[in-house]
Amino acid sequence: MTSPASVENQAALLETFPNPNPERDYEIDMQCPEFTCVCPKTGQPDFADIRIIYTPDQTCVELKSLKLYLWSYRDRGAFHEKVTNQILNDLVAATSPRQMTVEGAFKVRGGITTTVTVRYPDK
């Protein structure tokens with residue numbers, strides 16, 4: 001697993017570009033069906049489908065940087081709730097969207113699936 005200092009720097013991987021239509025409300029829906037992180041208790045891999053839906057304001061997230069950011073979790077120990085909230089926090093900090101939802105649908109582990117959904121602004 002990575003050190004706490006390098007974990008904080010992962011958000012720096014996120015790049016943005018100007019929203020080509022900031023006057024319009026529209027949704028961007030992205031999915032990463034190959035997300036992986038590590039269970040902090042067992043060290044075993046956790047697999048998830050991460051879905052990000054947002055209405056941009058002045059900036060949009062650049063997709064290659066998002067891919068690299070999500071890949072940075074591969075060796076990081078994180079509970080499902082923590083990682084889903086962290087992704088939302090980092091994306092909101094990078095893009096200042098009008099609204100955003102991040103859903104982490106984690107695959108079966110020990111007979112249990114977990115889906116964590118977080119929203120900005122809080123509702």
Task: Hydrophobic cluster identity match, L88 and F79, side-chain contacts under 4.5 Å - done: no
Task: Neighbour count >12 (heavy atoms, 6.0 Å) for atom NZ, K107 - done: yes
Open item on the list: Treating Y120 as the side-chain partner and V102 as the backbone partner, does any N or O pair qualify as donor plus acceptor under 3.5 Å?
Closed with: no
Task: Any C60 side-chain heavy atom under 4.5 Å of I28 side chain - done: yes
Open item on the list: Tell me whether I52 shares a hydrophobic cluster with Y26, the cluster being built from Ile, Leu, Val, Met, Phe, Trp, Tyr side chains joined at under 4.5 Å.
Closed with: yes
TODO: Verify whether one side chain among Q44 and D46 offers a donor that lies under 3.5 Å from an acceptor in the other.
DONE: no
- [ ] Heavy atoms only: give me the nearest R109-T42 pair and the separation to one decimal.
- [x] NH1-OG1, 3.7 Å
Open item on the list: For V61 versus M30, what's the shortest heavy-atom pair and its separation?
Closed with: CG1-CE, 3.9 Å
Open item on the list: Pairing donors with acceptors under 3.5 angstrom, does anything connect the side chains of E81 and N85?
Closed with: no
TODO: Examine distances only and state if a side-chain atom of S65 and a backbone atom of L14 form a donor-acceptor pair shorter than 3.5 Å.
DONE: no
Task: E62 side chain vs K64 backbone, donor-acceptor pair below 3.5 Å - done: yes
Task: Lys/Arg-Asp/Glu bridge criterion (N-O < 4.0 Å) met for R98, D25 - done: yes
- [ ] May I have the step-by-step check of side-chain contact (heavy atoms from CB on, under 4.5 Å) for Y73 and F35, ending in yes or no?
- [x] CA-CA 8 Å; Y73 282 91; F35 180 83; 3.6 Å; yes
- [ ] Check for a donor-acceptor pair, side chain of N19 on one end and backbone N or O of N21 on the other, with a separation under 3.5 Å.
- [x] yes
Open item on the list: Is there a continuous path of hydrophobic side-chain contacts, each under 4.5 Å between heavy atoms, that joins L63 to L13?
Closed with: yes
Open item on the list: Parallel, tilted or perpendicular: which one describes the rings of F106 and H80, with boundaries at 30° and 60°?
Closed with: parallel
TODO: Compute whether any side-chain donor of one residue and acceptor of the other, for D90 and Y69, lie under 3.5 angstrom apart.
DONE: yes
Task: Smallest separation among heavy atoms of S96 and D57, with atom names - done: O-CB, 3.4 Å
- [ ] Mind checking the SG-CZ spacing from C37 to F47? Nearest 0.5 Å is all I need.
- [x] 9.5 Å
Task: Contact summary for L70 and C32, nearest pair of heavy atoms - done: CD1-CB, 3.7 Å
